[in-house]
A.B. asks: 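Before I ask anything, here is the structure I am working with.
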Amino acid sequence: MSMTKQEFNQRWESDESGGGINFDDIADCAKAWGIASTPRTLQMDRVRYLVLKAAGTKDAEEFAS
């Protein structure tokens, strides 16, 4: 089950390692939030940026490519 945008944001910003969030978590959120229907077939960096932006993380723009 994916996290809500608020849960994702809180966990991502909880520490320097992104709260242990991995690409599977990011892909699950991308799909659940309607960002990408098949996120694992897209460029990982782009999916990560879109999810970070959607969740409103403070550092999202650092991941823009």
A.B. asks: Give me the atom names and distance for the closest heavy-atom approach of Lys31 to Ser37.
C.D. replies: CE-O, 3.6 Å
A.B. asks: Would Asp45 and Phe63 count as a side chain to side chain contact (heavy atoms under 4.5 Å, CB included) here? Give the steps.
C.D. replies: CA-CA 7 Å; Asp45 293 341; Phe63 294 92; over 6 Å; no
A.B. asks: Under the side-chain contact (heavy atoms from CB on, under 4.5 Å) rule, collect the residues that match up with Leu50, sequence neighbours excluded.
C.D. replies: Ile35, Arg46
A.B. asks: Give the minimum heavy-atom separation between Gly56 and Asn9, together with the two atoms involved.
C.D. replies: O-ND2, 3.0 Å
A.B. asks: If every non-hydrogen atom of Val51 is compared with every non-hydrogen atom of Cys29, which pair is closest and at what distance?
C.D. replies: CG1-CB, 4.2 Å
A.B. asks: Once you round to the nearest 0.5 Å, how far does CD1 of Ile26 lie from CZ of Phe8?
C.D. replies: 5.0 Å
A.B. asks: Drop me the distance from Ile21's CD1 to Glu7's CD, to the nearest 0.5 angstrom.
C.D. replies: 10.0 Å
A.B. asks: Side chain to side chain donor-acceptor pair (under 3.5 Å) with Thr41: which residues, sequence neighbours excluded?
C.D. replies: Thr38
A.B. asks: Sequence neighbours excluded, which residues qualify as side-chain contact (heavy atoms from CB on, under 4.5 Å) partners of Gln6?
C.D. replies: Thr4, Gln10
A.B. asks: Between Thr57 (side chain) and Leu52 (backbone), is there a donor-acceptor pair under 3.5 Å?
C.D. replies: yes
A.B. asks: Go through the structure and list residues passing side-chain contact (heavy atoms from CB on, under 4.5 Å) with Ala64, not counting sequence neighbours.
C.D. replies: Tyr49, Glu61
A.B. asks: To the closest 0.5 Å, what do you measure between CD (Gln43) and CZ (Arg48)?
C.D. replies: 9.5 Å
A.B. asks: Do you know the tightest heavy-atom contact between Gly19 and Ser14?
C.D. replies: CA-OG, 3.5 Å
A.B. asks: Sequence neighbours excluded, which residues qualify as side-chain contact (heavy atoms from CB on, under 4.5 Å) partners of Arg40?
C.D. replies: Phe23, Asp24, Ala27, Asp28
A.B. asks: Using atom types as modelled and distance alone, determine if a side-chain donor or acceptor of Trp33 lies under 3.5 Å from a backbone N or O of Met3.
C.D. replies: yes
A.B. asks: Applying salt bridge (charged side-chain N to carboxylate O under 4.0 Å, His left out), which residue pairs with at least one partner in residues 9-18 are found, sequence neighbours left out?
C.D. replies: Arg11-Asp25
